[in-house]
Amino acid sequence: MKSETIFLETPRLLIKIPSMDYFEGLSELNSNAEVMRYIDPAGKKPDEVRTRLQQAIEHYEKHGLTFGVVIEKSSGKLIGQAGIIYLAYDDTQPDIEIGYRLHPDFWKKGYGTELASALVKWGFKHLSVDKLVAVINPHNENSRKILEKIGMHYVGKKQAYNTEVAEYQILRNTVDYQHIKFVPATIEQMPMMQNLARFYIYDVTEYFGHEKGWEIGSDGLYDSGINFKKYWEDNNAFPYFIYYRDEIAGFVIIDKNGTDSTVDYNMAQFYILRKFTNKGIGKYVAYQCFDRYQGIWEAMVIPGNEGAYRFWRSIIKDYTSDVEEYTHKVDNYWRNIFRFNSFKKANNR
């Protein structure tokens, strides 16, 4: 297998640069009624397949983009097509689209999601675009689910490929980390932090809303139940607000209340407003905390808070491979805990 024939590689699949060598396999794929149900119910005749294949070859030669051939690594079989091109091969307009189609024998394996996600990552890494699009038959619910799963959002219907399609888009993460501020919070700002904590409670009711004590109040407000004043009364606590471009984006409170005396710092409270999540801001701020306060750290998660658990597990293991994970009772409540040493990591950056 020559590496120059590979356009993109995923854990289980290869997208190979198209050539006429794949004509017979693509003819079979594009005449399959299930494959073409939402693309072209009549299927593609051999001459149409040949024309499209030549178009894909020329598009790659001109732009370095193409609708390639999908090969399953484990079997070596041609199982579909996928790629990234100017929308409908029209380079007179700016939109870049991702697309894929798979043989029915290879549905329900997660291959569609694997391909779509990889194409989005490739596009934003290699192309100077702030948006990628996908267009599908409005009735293709399976493709809708895949696009929504990888973070694309529906924007409406339009004409493409001589038919009406549903258009999805995803925007590049354009966060400028130089505009993130990490500002000590004053006691006068405590009410603002309490207000933000109501949003935190709202977010985690996704996981705990069925439990007693997590109900919304009769006044329509969630009660954070957190005694924030103690953090200003304790010399070993460090409350901060997070700002992005001068807009408040969340808060962080660090203290020294670990599970034992060997712990230097504990992530007591950490919250990023939903508007600013999935942009790398939380990870950036957490790393700033770890680097600024060097020593043995703990980050505790309430069992069942899957969002927080996935967040801390991911970013701490990216920060350092030397991390211990265990469950411990804290103030009569069980907590899932991550422990690591930030001193060595911070000084080796």
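Residue numbers count from 1 along this sequence.
Here the OH atom belonging to Tyr100 is positioned 13.0 Å from the CG atom belonging to Leu13, to the nearest 0.5 angstrom. Once rounded to the nearest 0.5 Å, the distance linking CG of Asn227 with NZ of Lys229 reads 8.5 Å. Rounded to the nearest 0.5 Å, atoms CH2 (Trp312) and NZ (Lys317) are 15.0 Å apart. Here Asp21 contributes atom CG and Leu53 contributes atom CG; the two are 9.5 Å apart, rounded to the nearest 0.5 Å.
The one candidate from Tyr326, Phe311, Tyr309 that meets the ring-ring contact (aromatic ring centres under 6.0 Å, His included) condition with Phe338 is Tyr309. Screening Lys62, Gln54, Gln55 against Glu58 for a side chain to side chain donor-acceptor pair (under 3.5 Å) leaves a single residue, Gln54.
Checked for salt-bridge contact, Glu325 and Arg339 miss the test: no charged N lies under 4.0 Å from a carboxylate O. A salt bridge links Glu9 with Lys73: at least one charged nitrogen is closer than 4.0 Å to a carboxylate oxygen. Using a 4.0 Å cut-off between charged nitrogen and carboxylate oxygen, Asp318 and Lys283 count as a salt-bridge pair. With respect to Lys256 and Asp264, no salt bridge is recorded, no charged nitrogen being found less than 4.0 Å from a carboxylate O.
For Thr277, the side-chain contact (heavy atoms from CB on, under 4.5 Å) partners are Ile272, Arg274, not counting sequence neighbours.
Looking at Arg335 and Ile302, their side chains come closer than 4.5 Å, going by heavy atoms from C-beta outward.
Across His103 and Val35, no two heavy atoms sit closer than the pair CA-CG2, 3.9 Å.
Separation of the Phe340 and Phe290 ring centroids falls under the 6.0 Å cut-off. Annotation: Phe251 is not in aromatic contact with Phe241 [ring centroid separation under 6.0 Å not met].
A donor atom on one side chain and an acceptor atom on the other are found under 3.5 Å apart for Tyr231 and Gln269. Side-chain contact check for Tyr154 and Arg144: no donor-acceptor pair (N or O, by modelled atom type) lies under 3.5 Å. Side-chain N/O atoms of Thr262 and Asp260 include a donor and acceptor closer than 3.5 Å. In the model, Glu148 has a side-chain atom that pairs as donor or acceptor with a side-chain atom of Tyr168 under 3.5 Å.
With Asn173 contributing its side chain and Lys279 its backbone, the two residues share a donor-acceptor pair below 3.5 Å. The main-chain N or O of Glu28 is found under 3.5 Å from a side-chain atom of Ser31 such that the two form a donor-acceptor pair.
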inquiry  = I'd like to know whether Phe199 forms a ring pair (Phe, Tyr, Trp, His ring centres under 6.0 Å) with Tyr222, so could you lay out the CA-CA distance, the side-chain angles of the two residues, the decisive distance to 0.1 Å, and finally the verdict.
reply    = CA-CA 8 Å; Phe199 292 108; Tyr222 281 105; 9.7 Å; no
